[in-house]
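Nothing fancy with the numbering, it's 1 onward along the sequence. Order of appearance sets the numbers: ligands from 1, and atoms from 1 within every ligand. Quantities reported herein were computed from a predicted structural model and do not represent experimental measurements.
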Amino acid sequence: LKILKYGTNPIDGQTTGTSGMRKRAKVLVSNPKFLPNWIQSLFNALGGRDVLEGTTLIVGGDGRFYNTVAAQTIIRMAAAHGVKHLVIGRNAILTTPAVSAMIPARKAVGGIILTASHNPAGPDGDWGIKYNTGAGAPASEGLTDKIYQETVGINEYFLADLGIDINLSIEGTTSFADGAFTVEVVDPVAEYCDLLESIFDFNDIKKLLARSDFSLVFDAMHASTGEYARVILHEKLGAPLSNLLNEIPLQDFGGGHPDPNLTYAAELVRMLDPRQTPDAPQFGAASDGDGDRNMILGRGVFVSPGDSVAIIADYAARAIPYFRGKQLKGLARSMPTSSALDRVAEALGIPVYETPTGWKYFTNLMDADRVSICGEESFGTSSEHIREKDGLWAVLSWLSILAYENRDSPIGSLVTVEDILVGHWRRYGRTYNMRYDFEGVSKEAGDHMMNWLREMVDGVAPKHPEIAEIDEFQYKDPIDGTVASQQGIRVTTKDGGRVVFRLSGTGSAGATIRVYFEQYQKPSSSFTVKDPKDVFRNLVKKAMGFAKIPEITGRTEPTVLT
Ligand code: VG1
Ligand code: CO
């Protein structure tokens, strides 16, 4: 292989946030050295040719604009660093969970995922990239720091001269220099689907989907999961193709925002609402751009992500073949996520861990056999079967729970998503949750708000009279002792509500303020179902006041409410 060396200079701002590096696509298009600089820095941080020689590398992404262009560069750079075998999904598509599954299965050194997840795509949208290690887990903070340090001192990068571009639209293997380097374009779904088939009973789910009193809709939001939904939900499980919405992946996600929440998946929510859609289906689900998030809806009900992970954990040993008859090792949730999971852990007699936001904090616990199922309030749920969150796994988990509950129920008396939810609340009580996002705020305003709250934490400013306790979350990894500080301000109010404030780490410009609300309602016989918006009316008012949000940001309403 002929290797070409190029001179370069460091480019500012090649930092990694909660989940990979995210930039405006324009930034990459206008500077052809942007991507090679970062990839070279990644390869250097991994140990260069000494480590990469003879290895396998997995590459895939969410199907967005610039991914296929980026893939050709990554292929050449991998070849230049001695990678022997590069596996890439057709059209450079592989969901995050698929990459996470394929890395250990193919004994790969790691995987590169071309995604900015739910951020809008296209020439005017965002672009992003993340690296997952040999276990299939998101790069640790230690590794992302190392990559960043490399970007700051970079002065050269290397590309192999392959002579041709790889045709990414056709499956097959292309070999260079007598097999010194091979590129295998694979079906994006097959290996991941095999894994799901080993976890769930597809026959049981198929029977549920065949019932005349059950129907499902799935919204792929024009991102990568359309490919997966077609094979798994339609071909394997028998859902009609017409019940898959927006299932064709598009480079700009059809102009949409594939963030499955009550704001951005409003169309799906309407479809499931019997007041607006008379023959609303019994089950609805959606995924984000790279397939690691999920939203679960029943006819007329929304399953909050905090309830979803708690219910999945509660049913796992009965309803999911992978866990059947087993004791779960433990559970984990990110700090802003609902404490509903804690009550299930208590009932199961297993530990529960509270980690900072971002999946990377769960994977050490999984590798150490401490946890089996984890979840985040941001619609991420998964288990130890891989080292990432997994949207379709959550969907199939819910379908398995429904199949289990309906194993003997006659047609016409279906146990519904709502029945399962209400059953859970009756037993454990209900943990109400709501999140406000203030997107597109200036970085200064975001920092200003956090610093103001910090003054109350540090006692520099007096605590607002409504506040009972205020602190800043810090996490010490129980496995390797690494400390993550400044992971969100936690407030408990005198009337028992909880509010968490943090800044998003996945944006590409400015700041997004996230405010999480939580209130617990004990189980009782006179259990009433309330609308979270009503439950939180007072708490929201208080939080807006003591965090001075209108004053500091000029905003009185969030851009996302979920
Ligand atoms: C958000 C979510 C977090 C999630 C992260 C990556 O981070 O809050 O729970 O793990 O996105 O998800 P932040 O820093 O913006 O709040 V994904 O689907 O983009 O990999
Ligand atoms: Co995602």
Does the separation of the ring centres of Tyr432 and Tyr520 fall below 6.0 angstrom? no
Of Arg293, Glu377, Glu376, the one whose closest heavy atom lies nearest atom 11 (O) of ligand 1 is Arg293
Which atoms of ligand 1 sit under 4.0 Å from any heavy atom of Arg514? 8 (O), 13 (P), 15 (O), 16 (O)
Examine Ser117 and say whether one of its N/O/S atoms is closer to the Co ion (ligand 2) than 2.8 Å. yes
Do me a favour and list the nearest non-hydrogen protein atom to atom 7 (O) of ligand 1 with residue, atom name and distance? Thr506 CG2, 3.5 Å
May I ask whether Gly358 places a heavy atom under 4.0 Å from ligand 1? yes
Among Thr56, Leu57, Leu46, which one satisfies side chain to side chain contact (heavy atoms under 4.5 Å, CB included) with Val109? Leu57
Strictly below 4.0 Å, N to O, side chains only: are Arg64 and Asp252 in salt-bridge contact? no
Can you list the ligand 1 atoms lying under 4.0 Å from a non-hydrogen atom of Thr18? 5 (C), 7 (O), 13 (P), 14 (O)
Nearest N/O/S atom of Asp288 with respect to the Co ion (ligand 2), by atom name, please. OD2
Would you mind telling me if ligand 1 is within reach of the side chain of Arg22, the backbone, both or neither, using heavy atoms under 4.0 Å? side chain
Taking Glu376 first and then Arg333, would you say they form a salt bridge - that is, a charged N and a carboxylate O separated by under 4.0 Å? no
What class does the angle between the rings of Phe302 and Phe379 fall in, given that below 30° is parallel, 30 to 60° is tilted and above 60° is perpendicular? tilted
Within the 4.0 Å heavy-atom shell around Asp288, which atoms of ligand 1 are there? 18 (O)
Which atoms of ligand 1 have any heavy atom of Lys389 under 4.0 Å away? 4 (C), 6 (C), 10 (O), 12 (O), 17 (V), 18 (O), 20 (O)
Only heavy atoms of Ser117, strictly under 4.0 Å: list the atoms of ligand 1 that pass. 17 (V), 18 (O), 19 (O)
Quick one: which ligand 1 atoms are inside 4.0 Å of a heavy atom on Arg502? 8 (O), 13 (P), 14 (O), 16 (O)
I'd like to check whether Thr357 has a polar contact with ligand 1, where a contact means an N/O of the residue lying under 3.5 Å from an N/O of the ligand. no
Is the shortest N/O to N/O distance between Leu503 and ligand 1 below 3.5 Å? no
Out of Lys443, Met450, Met449, which residue meets the side chain to side chain contact (heavy atoms under 4.5 Å, CB included) rule with Asp447? Lys443
Given ring-ring contact (aromatic ring centres under 6.0 Å, His included), test Tyr353 with Tyr361 step by step and report yes or no. CA-CA 10 Å; Tyr353 297 84; Tyr361 298 100; over 10 Å; no
Write the atom name of the N, O or S atom in Asp292 that is nearest the Co ion (ligand 2). OD1
Shortest non-hydrogen contact between Lys236 and Cys193, atoms and distance: CE-SG, 3.9 Å
Angle between ring planes, Tyr264 versus His257, binned at 30° and 60°: parallel, tilted or perpendicular? parallel
Of the N, O or S atoms in Asp290, the one nearest the Co ion (ligand 2): OD1
Do Glu439 and Thr559 pair up side chain to side chain, a donor and an acceptor below 3.5 Å, judged on atom types alone? yes
With heavy-atom distances below 4.0 Å as the criterion, list the atoms of ligand 1 near Lys130. 20 (O)
Classify the ring geometry of Tyr475 against Phe473: parallel below 30°, tilted from 30° to 60°, perpendicular beyond 60°. tilted
What are the atoms of ligand 1, with element, lying closer than 4.0 Å to any heavy atom of Ser378? 2 (C), 3 (C), 4 (C), 8 (O), 9 (O)
